[in-house]
Number of protein chains: 2
Amino acid sequence: MPLVKTNKEEIVKTALTVFRKNGYYNTAMSDLAEACGLQKGSFYHYFPSKELIMAEVLISVQSYLKEKVFPIAYDESLQGKARLEKFLLKMGKAILQQDGGCIIGNTTLETSGQKVVFKPILKEIFEEWKSSLKHILALQYPDGTAGRMADQMVMEFEGAVMMSQLYDTDQILKDVFVRSLSKMR
Amino acid sequence: MPLVKTNKEEIVKTALTVFRKNGYYNTAMSDLAEACGLQKGSFYHYFPSKELIMAEVLISVQSYLKEKVFPIAYDESLQGKARLEKFLLKMGKAILQQDGGCIIGNTTLETSGQKVVFKPILKEIFEEWKSSLKHILALQYPDGTAGRMADQMVMEFEGAVMMSQLYDTDQILKDVFVRSLSKMR
DNA sequence: GTCTATATCAAGATAGAC
DNA sequence: GTCTATCTTGATATAGAC
């Protein structure tokens, strides 16, 4: 944790891990500040409110996915199964990391009833996620089927994250990974 | 909302709906009190802490499921498909109700990293849920397959609840209901 | 850019009157 | 059993010195 001079980018990265672990409402500005090696007051130099930093966190996740993960689905140098495998692996890494569940899923469940501000971005992420998956599956299945399978994969993934948190194991997530992968030959 | 004389049971029922809608951390004791038509101070006459009332809420949900829903899975007067249909319908009603998502899933994601107290009961509910489903599916599938399918159904259900909240529609949930039901002939 | 100090407010929780 | 009043703590946010 830097004692002198940090920047917005670093803070967003750190905030992501804290929000993922504690959730939105259970994360205090002091938690974020501490994780960044800053005093509470200093934190406000970078972000004027908790809502705004969470918004930036979500946007940064989306940017990363758009840049590094979703394009995998359209990489024609990879065969269907290999493409799906790479996609799922990268997606898991991007969205989960060690412990604390899925930042996107967690934030959806926790805030979608209250914080309307987050909904558009969360929706977009899920939409792009599903359409990327659908694109891969469409290599092998008819359009309607591929769409349904993609939706199902995302839902099962989020359900698996929930179970993984409850049982403190990632075996469930690995099983879902294998099952999803088995859909492509 | 009663201005005079309520009781623990009523309060637990009301608290369930408030927690389901707002989540654990985003629900204040004053919210619970207000929903019960009580002053904050009066609320403490019934429950000494937020943690304890949530615990009672979860226990009440479990009791209800144990009494009214899980037994359906073992009702031999019903054929497989009819049994599954009744089970899924009752389960949805018990755990979801109008808006606010799934109290079990929400609480799992929101608190499982912090409030270890809730984990045992949440685990038990999921375990019994899955084994009830497995029992129905085992009428038609081999044991291992039935178990995996049951896990999958629960995960997909929770994923569908998440999507339903985000998109403000229960169509997704209905689709999952149909897909789950189609597993039995 | 970071700090300390502080204002403000809401939340969890308690005390005691009725 | 319910109320009002209050305590205490913790959280968001701001101000101003360094």
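Scope of the values below: all heavy atoms of this structure, side chains included, with no hydrogens, waters or symmetry mates. Lettering follows sequence order; numbering is per chain, from 1.
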Whole angstroms only, please: what is the [atom1]-[atom2] distance between [X] and [N]?
X	N	atom1	atom2	result
B:Lys50	D:dG10	NZ	C1'	13 Å
B:Phe47	C:dT14	CZ	C1'	18 Å
B:Phe43	C:dA11	CZ	C1'	14 Å
B:Tyr24	C:dG12	OH	C1'	10 Å
A:Leu32	D:dA13	CG	P	11 Å
A:Glu34	D:dG10	CD	P	13 Å
B:Ile53	C:dA13	CD1	C1'	14 Å
B:Asn26	D:dA11	CG	P	14 Å

Quick check on the 6.0 Å ring-centre criterion: do B:Phe157 and B:Trp129 meet it?
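B:Phe157 vs B:Trp129: aromatic centres under 6.0 Å.
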Decide if the gap between the ring center of A:Tyr24 and the ring center of A:Phe118 is smaller than 6.0 angstrom.
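Yes, they do, as the ring centres are separated by less than 6.0 Å.
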Of the listed nucleotides C:dT4, D:dC3, D:dA13, the one nearest the side chain of A:Met29
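The nucleotide sitting nearest to the side chain is D:dA13.
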Could you please name the option among D:dC3, C:dA11, D:dA11 that lies closest to any side-chain atom of B:Ala28?
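Nearest to the side-chain atoms of B:Ala28, counting from C-beta on, is C:dA11.
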Inspect the contact between A:Lys134 and A:Asp151 and indicate whether a charged nitrogen and a carboxylate oxygen are less than 4.0 angstrom apart.
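Looking at A:Asp151 and A:Lys134, the cut-off is not met.
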Using heavy-atom distances to pick each residue's nearest nucleotide on DNA chain C, tell me which of A:His45 and A:Gly41 is more 5'.
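Nearest nucleotide further toward 5': that of A:His45.
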Please check if atom NZ in A:Lys21 has more than 12 non-hydrogen atoms from other residues, nucleotides or ligands closer than 6.0 Å.
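At most 12 heavy atoms, drawn from other residues, nucleotides or ligands, come within 6.0 Å of this atom.
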If only side-chain N and O atoms of [X] are considered, is one of them under 4.0 Å from the OP1 or OP2 phosphate oxygen of [N]?
X	N	value
B:Tyr44	C:dT14	no
A:Tyr46	C:dT2	yes
A:Gln39	C:dT2	no
A:Ser42	C:dC3	yes

Counting any heavy atom closer than 4.0 Å, what does A:Lys40 reach on the DNA or RNA strands: base, sugar-phosphate only, or nothing?
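The residue A:Lys40 makes base contact.
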Indicate whether any N or O donor in one side chain lies under 3.5 Å from an N or O acceptor in the other, for B:Glu128 and B:Gln62.
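The answer is yes; a qualifying pair exists.
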